[in-house]
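In the text below, chain A, chain B and the rest are named by the order of the sequence lines, each starting its count at 1.
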Protein chains: 2
Amino acid sequence: MAATLRDVAKLAGVSFKTVSNVINDYPHVRPATREKVERAIAELGYKPNMSARSLRSGRTDTIALAVPELNLSYFAELAGMIIAAAEEKGLVTLVEQTGGDRERELALLHSPRLSMTDGLIISPLGMGQEDTEALNVPFPLVLLGERTFDWPCDHVTMRNEDAARAATEYLIGSGRRRIAAIGENEAEVMGSARLRLRGYREALAAHGIEYDERLVVRATLWHRADGARAMRELLERGVPFDAVFGFNDTMALGAMRVLQEAGLRVPEDVAVLGFDDLDEAAYSIPSLTTVDPGREWLARTAVDTLLERIGRGGSDLPPRTKLADFSIVERESAPGG
Amino acid sequence: MAATLRDVAKLAGVSFKTVSNVINDYPHVRPATREKVERAIAELGYKPNMSARSLRSGRTDTIALAVPELNLSYFAELAGMIIAAAEEKGLVTLVEQTGGDRERELALLHSPRLSMTDGLIISPLGMGQEDTEALNVPFPLVLLGERTFDWPCDHVTMRNEDAARAATEYLIGSGRRRIAAIGENEAEVMGSARLRLRGYREALAAHGIEYDERLVVRATLWHRADGARAMRELLERGVPFDAVFGFNDTMALGAMRVLQEAGLRVPEDVAVLGFDDLDEAAYSIPSLTTVDPGREWLARTAVDTLLERIGRGGSDLPPRTKLADFSIVERESAPGG
DNA sequence: GGCAAATCGTACAACGATGCAAACCGGTGG
DNA sequence: CCACCGGTTTGCATCGTTGTACGATTTGCC
């Protein structure tokens, strides 16, 4: 069996409480004692039992992260950033995949598993306004993501609407007028689909371009195949267009492939613009102009916000909403105007 | 504060151990009692304290997974599969990123954090044969990945050499004779780079094609940019070639992009074949022919193997090596012969 | 109705750590 | 010479749960 405090204490010739004091950097320990204890720790290869420590102290130094799926590049990269940010703060991260499924998201919020963690960062997809009550949980919770409900907990999010408006204006600024949008999804009442669509419409309106719903294609899952399918549908409609705004990079890349298969040149015939700034966007052919929603900032801020909640007095803080800054990353698929 | 066993017991009018018995499906509990207790549990929203349970029972129902980085698609997809496989078995997964760094891999093996888990699945990149001793750890450990050292612990891996040979033979079978290889890395003594190179050479030899080292390009990180850089280098060398075998999909995709930029047609002028079968490979232009190394099987088997170790008697099992079956996924970038 | 056997519930002791408060220690000041 | 002091160390209770051992109760059966 692994060594315990008592084993170390016996070897060092002190009480086990003194060993505990050394480990926890209790200030009043004589240097000689400390050294003696540390030698014993090294000799036995002692490692504190985290379960016992958690039970007693109430802290686990572990956070939970719930994302839809890791094989969606956006969430994989986001998860990587969050795990790294957490690690910098001395936390480890437990990862759950919800599949974007409302039931599983709700179940997670009530999972006894969370008592092994100090808090949860969740990027919900399936939950809606009707689930507000479920967010009233007795542990630190940070919502991460694209929605802007009036929810009773901390919320770190991106400027979906502003960014989508800016992206559309970027396309308009480069001379495009018939701009298609891929990814609309009326089922998501206030999700990013709705918000990005709204930004898109605002930009059109601001420039006196009439909204044409034949240029808007629905896509629920936002996988690459959905982008491809949407583009095929768009081409079949026979409505002319000179630009495509994909509501995420993955769909934009799928759409771009179909465009090229159809013999259309990007960006000469059709400009393509995405959203997310995945690693991949820099390496497609042509490379993808996209919106960087500030993911690195989102990741760090989500962790910091959760830590504020975890710390003393954290539960007294009012719910906060933090917004990331975005930027448009110009690449080949949609050169600036 | 959250409710405890005692609170439930008080409400249900039984002793707290009886509540524990109900929760743990202890057989001898009268249905009436059970129901009474369950009602109390529901009313209080009681959830067992996992730290206390772990401390007492010694099991955490948590495993740790260490991969280099989640923003490498290969590892993101693999991690997603492992987390899903673990969840099916009732385990949650703690994810660590090592960056492929030897020091961090070794540090992880000694981390006190692991006492919060029942075992570790690690996909090592930086460690080498000289670190065998470090793998002699007092907890269940499964090595996942591409190396085939003679290591003293369970090892779930793929047929790197066979698969690379088969991939090369596939290209030869389709009529290619001057086949370039991207991803060689002599620093990795027995890593997948070396093994895949070996398989490549065996296939050439078996078909009487002379090995030409000018067709082999080095790449250490296997990112997309490395594939692109390698392809530029290859083109600069001016040595003719009619096929490229990328040692992973990401590099193959980067290389394919450079080929196309240079005006070469894929697959007419140059066939491209990758390794990994990432989701992405199905959606590139052209779609990428690649080796499926059996990742789904690897993920499930890694979890199952770890569970066998965790279970009773697990520490008596001898070290085992399990090999996944591979297959070649034919797509557009390299049609069959 | 009575006795043994099955069943059900309870008390107590861990698991390994931390928080609190009390005990110890040598040195100082009165 | 003793009370007192800061710094240092220790003992004890405790976190919430499960395992063991054992009483208590019901049940089955003659």
>> Testing the basics here: between A:Leu70 and B:Ala79, what is the closest heavy-atom pair and its distance to 0.1 Å?
In response: CD1-CB, 4.0 Å
> Roughly how many Å is it from CG in B:Asp61 to C1' in D:dT18, rounded to a whole number?
Replying inline: 14 Å
> Between C:dG9 atom P and B:Lys10 atom NZ, what is the distance in whole Å?
Replying inline: 20 Å
> Looking across every strand, which nucleic acid part, if any, lies under 4.0 Å from B:Thr4 by heavy atom: base, sugar-phosphate, or nothing?
Replying inline: sugar-phosphate
>> Using every non-hydrogen atom in the two residues, find where B:Met116 and A:Thr62 come nearest and quote the distance to one decimal.
In response: CE-OG1, 3.2 Å
> Thinking salt bridges, do A:Arg320 and A:Glu308 make one under a 4.0 Å N-O criterion?
Replying inline: yes
> Going by the salt bridge (charged side-chain N to carboxylate O under 4.0 Å, His left out) test, which pairs reach into residues 50-67 of chain A, not counting sequence neighbours?
Replying inline: A:Arg59-A:Asp61, A:Arg59-A:Asp118
>> Treating primed atoms plus P, OP1 and OP2 as sugar-phosphate and everything else as base, which nucleotides of nucleotides 18-24 of chain C get B, S or - for protein heavy atoms under 4.0 Å?
In response: BBB----
>> Can you measure A:Leu55 atom CG to C:dG16 atom P for me and round it to whole angstrom units?
In response: 12 Å
> In whole Å, what is the span from the NZ atom of B:Lys47 to the P atom of D:dC15?
Replying inline: 20 Å
> Does B:Ser51 offer a backbone N or O that forms a donor-acceptor pair with the side chain of A:Ser51 under 3.5 Å?
Replying inline: no
> Starting at CG of B:Asp7 and ending at P of D:dG16, how long is that distance when rounded to a whole Å?
Replying inline: 9 Å
> Within this structure, what is the CE-to-P distance between A:Met116 and D:dG16, rounded to whole angstrom?
Replying inline: 17 Å
> With a 4.0 Å cut-off on heavy atoms, is B:Thr33 in touch with a base, just the backbone sugar-phosphate, or nothing at all?
Replying inline: sugar-phosphate
> Does B:Ser15 place a side-chain N or O at less than 4.0 Å from the phosphate oxygens OP1/OP2 of C:dT10?
Replying inline: yes
>> Atom NZ of residue position A:Lys10 - does it have more than 12 heavy atoms of other residues, nucleotides or ligands inside 6.0 Å?
In response: no
> Is A:Ser51 near enough to C:dA17 that one of its side-chain N or O atoms lies under 4.0 angstrom from OP1 or OP2?
Replying inline: no
> Of the nucleotides D:dT9, D:dG16, C:dA17, which has the atom closest to the A:Arg6 side chain?
Replying inline: C:dA17
> Just how far, in rounded Å, is P of C:dA17 from CZ of A:Arg59?
Replying inline: 18 Å
>> Assess whether a salt bridge exists between B:Glu87 and A:Arg104, defined as any Lys/Arg side-chain N lying under 4.0 Å from an Asp/Glu carboxylate O.
In response: yes
>> Nearest heavy atom decides the nucleotide; on that basis, is B:Lys36 or B:Ala52 closer to the 5' end of DNA chain C?
In response: B:Lys36
> How long is the line joining CZ of B:Arg34 and P of C:dC8, in whole Å?
Replying inline: 10 Å
